[in-house]
Amino acid sequence: MKLKKEISKIIAEALEQASICVDEVSVNEATRPEFGDYQYNGIMPLAKMLQRNPREIAQQVASLIKTDGMIAKVEVAGPGFINIWIDSHWLCDAASVMLQDEHFAIAPRENPIRVVVDYSGPNMAKQMHVGHLRSTIIGDTLANLLEFLGDEVIRQNHIGDWGTQFGMLVAYLEESGLDEGSENLKDLEQFYKDAKKRFDEEADFADKAREYVVKIQSGDAHCLYLWQKFIDISLGHCEEIYKELGVGLAREDVRAESFYNERLPLVVDLLEREKMVEVSEGARCVFLSGEETPVIVQKQDGGYLYATTDLAALWYRSEVLHAKRLLYVVDARQSDHFKQVFRVAKASGLVREDEQLEHISFGTMMNRDGKPFKTRDGGTVRLIDLLSEAVARAKESINSKEEYSDKELEVLAQVIGIGAVKYADLSINRESNYIFDWDKMLSLEGNTSLYQQYAYARIMSIFRRYGGEIGNTISIDTEIEHRLSLALLRFEDVLEKAAKDAAPHQITSYLYEVATLFMRFYEQNPILKEEISEEVRQSRLALASLCGKVIKQGLAILGIGVVERI
RNA sequence: GCGUUCAUAGCUCAGCUGGAUAGAGCAUCGGUUUGCGGUACCGAAGGUCUGAGGUUCGAAUCCUCAUGGGCGUACCA
C-alpha cells in the first residue's frame, strides 16, 4: 500500500476544488503524535507564491479534504500546517488485506526496469578480507530489495582475475602441481606470499612468471587452462564465504575483468572515433572539462587500465544487458574515478542518455578506536575469520530458555552471528565510516538484528502457545494498535524510498520501529490472558502475525534470517 | 596546493526535496498490580546541531568563509 501517494491524492483533490494549482503534492509522517499521523506542509510556500494568508488557505483546503474514508479528520495548526489523522476502520481493512496477501499488498511495479547491481568484486589473487564485506552485503541487499519490488535485477560480480600477478600465481600453481583439495591453496594469502617470495628470490622463476603473463594474455591454451584452474579454486573460496554470509551471488553472476578483454581495444577505437582521445606523455587519455587528471584509457606500453575495463563493462551492460539503472556498489574512495568514467560513457555514447548510472559509495569499517579495521599486528582481517568469530561470539551469548541439540545451537549461532554483522553494517548510513563493535552488534538492546529476531521469536512463541488457527481480521481499539497497524502499512513506502535512495539503513530503522511498537503493544494489550475476549484475541493475534511477517520479510531483504525460538 | 566528503547528547547514530518543542539506542539515575518469553516495558536527565556571516515568514538542512578530521590527486585496481 502506497500510503503517502493515497493521502496525497486526497489532498490534491481538495486543492483542485479550491482552485489551487500545485505540481506535486507530498505529505510527510507527522513529527509528533499530537500532530496526527501525517502532515501536509505545502501550504506555506504556496501562500507565499499566491501572496495570501497561509492559515486562510489551509483552512479552506482542510475543509475540502474528504474525511469519509481513509482520512478521519484534519486540523490546521501553527502557521499553516495541515495535520492528518488516518481512520482506524480504514486501517483495519487495509491491514487485514495486507495480512492475507502473500506479497504484503504491494502492487506489481507499473514500469519494472532492468537494473544491474555490481557488487562484491573480490580479487582472485587474494583471500577475501573485511574490505569486501560492505560491498558484498550492501549490494546484495539492494539486489534483494529491487527484486522484491518487482524490478528485473541482474547481479554482476566483477571479479579481479587479470593482471600481472596472475602470471606469478599460475607459474607457482603449475610448479606445485596443486589441485582444489590442496591444503596449501586453502589460504590464498599464504599461497600469494609463497609465490611472491619465489618470484623475488629466484630469477628463473621470475622469468617464467613474466613469460606466463604474456602467454595468458595472448591466449596460450596450457597457460589459460592453469589460469582458469586457479580462478576456479579461488572463486570457490569466495563462494564458501557467500554461502556463509547468505549472499545470493552465483557462478553465473560472474563477469570477470577478463571477460571484457576483447572489448578494450574497441572502447579505445570508439573514443578515437568520437575524437575524445588525446595522447599525453605517450598515454591515450580522455580529458574532461573541469577535471584535473585525465581518464587514461591506454598506457604508453599499450596496456589497458581499470578505467577502460569499467567503460567496457558499462558498454556491455547497456548494449547487451539493456540495463536502465546501473548500481556500482564500490568504496567511496573511487568516487572520482566513477564520476569520470560515467561522464566518458555518456559523452561517448557507450551508454544511452537515459540510463541511470549510480555509484553507490560507502565508507570504511573502523575499529572501536576509530582507526581502520585491522588485526593487532596491522594486517588485514580475513573475512572468513571475522565470520567465524561472529558465530563463536553469538554461541557464547546465547542464553536460551529452550533446549537445543548441538546441531540446533550451531544453526542458531549462525543466524544470530552472521545477522549481527550484516545488520550492524546495513543499519548506518552507508556513506559514512562505521565503527565495528562486537558487543554492540550482538546486544539484545538497541537497534540490532538480535532484537528483531527476538521480537520474531516472541511472536512465534505466542502462536505456539495459542495453538489454534489465526484469522486475518484486524480491529483497532487502542492507540498503540493504531500506531502499529499504520507502521506496518508503511512497509511499501519505506521499501520504495530505500530502493530509490539505495539506502538499506532506512529499512533497518523502520524494522526497529516496528519491533519496538510490537513490544509496547504486547506489553499493553494482552493476547492470551483469560479475561481477553475471543474476538479481541483474534484481532491481536492477527496483528502480531502481520508484525512477524513484516519483520521476517524485512530481514530477508537484508539477507538476515529468523528463528522460531531463541 | 587542488578536489571531495564529513562535523548533531558522554558514546554510537537518525533527522526524507528547508517546517512546529532537533529524535533513537547505549551508558547514568529512578520505576513496572503472582511477569501471555522481565533477554521486556515505562520514566528522568542529558544539545549554542564545530564556529562566523548570509538567503527567508522559518535553517541541523541551502550559500559563503573559517577551524578540525577522512579520502582522492595520470599510466595499480
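Proteins get letters first, then strands, A, B, ... in listed order; numbering begins at 1 in each.
Here A:Ala332 lies out of heavy-atom contact (under 4.0 Å) with every strand. Within 4.0 Å (heavy atoms only), A:Ile428 reaches sugar-phosphate atoms of the nucleic acid but no base atom. A:Ala77 comes within 4.0 angstrom of a base, heavy atoms only. Across all strands, A:Thr164 comes closer than 4.0 Å to no nucleic acid atom at all (heavy-atom distances). Among the heavy atoms of the strands lying under 4.0 Å from A:Ser26 is at least one base atom, whether or not backbone atoms are also near. Note on A:Asn83: a base of the nucleic acid sits closer than 4.0 angstrom, heavy atoms only. Within the nucleic acid shown, A:Ile435 comes within 4.0 Å of sugar-phosphate atoms alone, with no base atom in reach, counting heavy atoms only. Within 4.0 Å (heavy atoms only), A:Gln334 reaches at least one base atom of the nucleic acid. Among the heavy atoms of the strands lying under 4.0 Å from A:Tyr512 are primed sugar atoms or P, OP1, OP2 only; no base atom is included. Counting non-hydrogen atoms under 4.0 angstrom, A:Gln39 reaches a base of the nucleic acid.
Side chain of A:Leu305, nearest nucleotide from B:C75, B:A20, B:C2: B:C75. Of the candidate nucleotides B:A74, B:C75, B:A20, B:A20 has the atom lying nearest to any side-chain atom of A:Phe35. When the nucleotides B:G15, B:C2, B:U56 are ranked by their closest atom to the side chain of A:Asn429, B:G15 comes out on top.
Considering only residues two or more places apart in sequence or on other chains, A:Tyr423 meets the ring pair (Phe, Tyr, Trp, His ring centres under 6.0 Å) condition with none of them. Legend: residues meeting salt bridge (Lys or Arg N to Asp or Glu O under 4.0 Å) with A:Arg465, ordered by chain and number and at least two apart, are absent. Listed by chain and number, the residues in a ring pair (Phe, Tyr, Trp, His ring centres under 6.0 Å) with A:Phe491 are A:Phe104, A:Tyr510 (sequence neighbours excluded).
Taken residue by residue, residues 335-342 of chain A places heavy atoms nearer than 4.0 Å to RNA chain B at A:Asp336.
Each of A:Gly163 and A:Glu34 has a nearest nucleotide on RNA chain B; the 5'-most of these lies closest to A:Glu34.
Checked against the 6.0 Å centroid threshold, A:Tyr260 and A:Tyr316 count as a close aromatic pair.
Distances shorter than 4.0 Å separate none of the side-chain N or O atoms of A:Arg32 from OP1 or OP2 on B:A20. Distances shorter than 4.0 Å separate none of the side-chain N or O atoms of A:Thr293 from OP1 or OP2 on B:U73. The phosphate of B:C76 has OP1 or OP2 within less than 4.0 Å of a side-chain N or O from A:Lys299. A sub-4.0 Å separation between OP1 or OP2 of B:A40 and a side-chain N or O of A:Tyr451 is absent. Checking the phosphate oxygens (OP1, OP2) of B:C13, no side-chain nitrogen or oxygen of A:Arg430 falls inside 4.0 Å.
Applying the 3.5 Å distance criterion, the base of B:A77 shares no donor-acceptor pair with the side chain of A:Asp310. The base of B:A74 is paired with the side chain of A:Glu281 by a donor and an acceptor separated by under 3.5 Å.
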Donor-acceptor pairs are to be reported for all side-chain atoms of residues 295-307 of chain A against protein atoms at under 3.5 Å, with residues two or more places apart or in another chain.
from: A:Gln298; atom 1: OE1; to: A:Arg284; atom 2: NE; distance (Å): 3.2
from: A:Gln298; atom 1: NE2; to: A:Gly302; atom 2: O; distance (Å): 3.0
from: A:Asp301; atom 1: OD1; to: A:Gly303; atom 2: N; distance (Å): 2.8

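Pairing analysis of RNA chain B (Watson-Crick: purine N1 to pyrimidine N3 plus N6-O4 or O6-N4; G-U wobble: N1-O2 and O6-N3; both under 3.5 Å) yields stems of 3 or more pairs at B:1-7 with B:67-73, B:10-13 with B:23-26, B:28-32 with B:40-44, B:50-54 with B:62-66.
Nucleotides B:G10 and B:U28 have their C1' atoms positioned 10 Å apart, rounded to a whole Å.
Taking the six-membered ring where the residue is Trp, A:Phe436 and A:Trp438 present perpendicular rings, their angle passing 60° and hence far from 30°.
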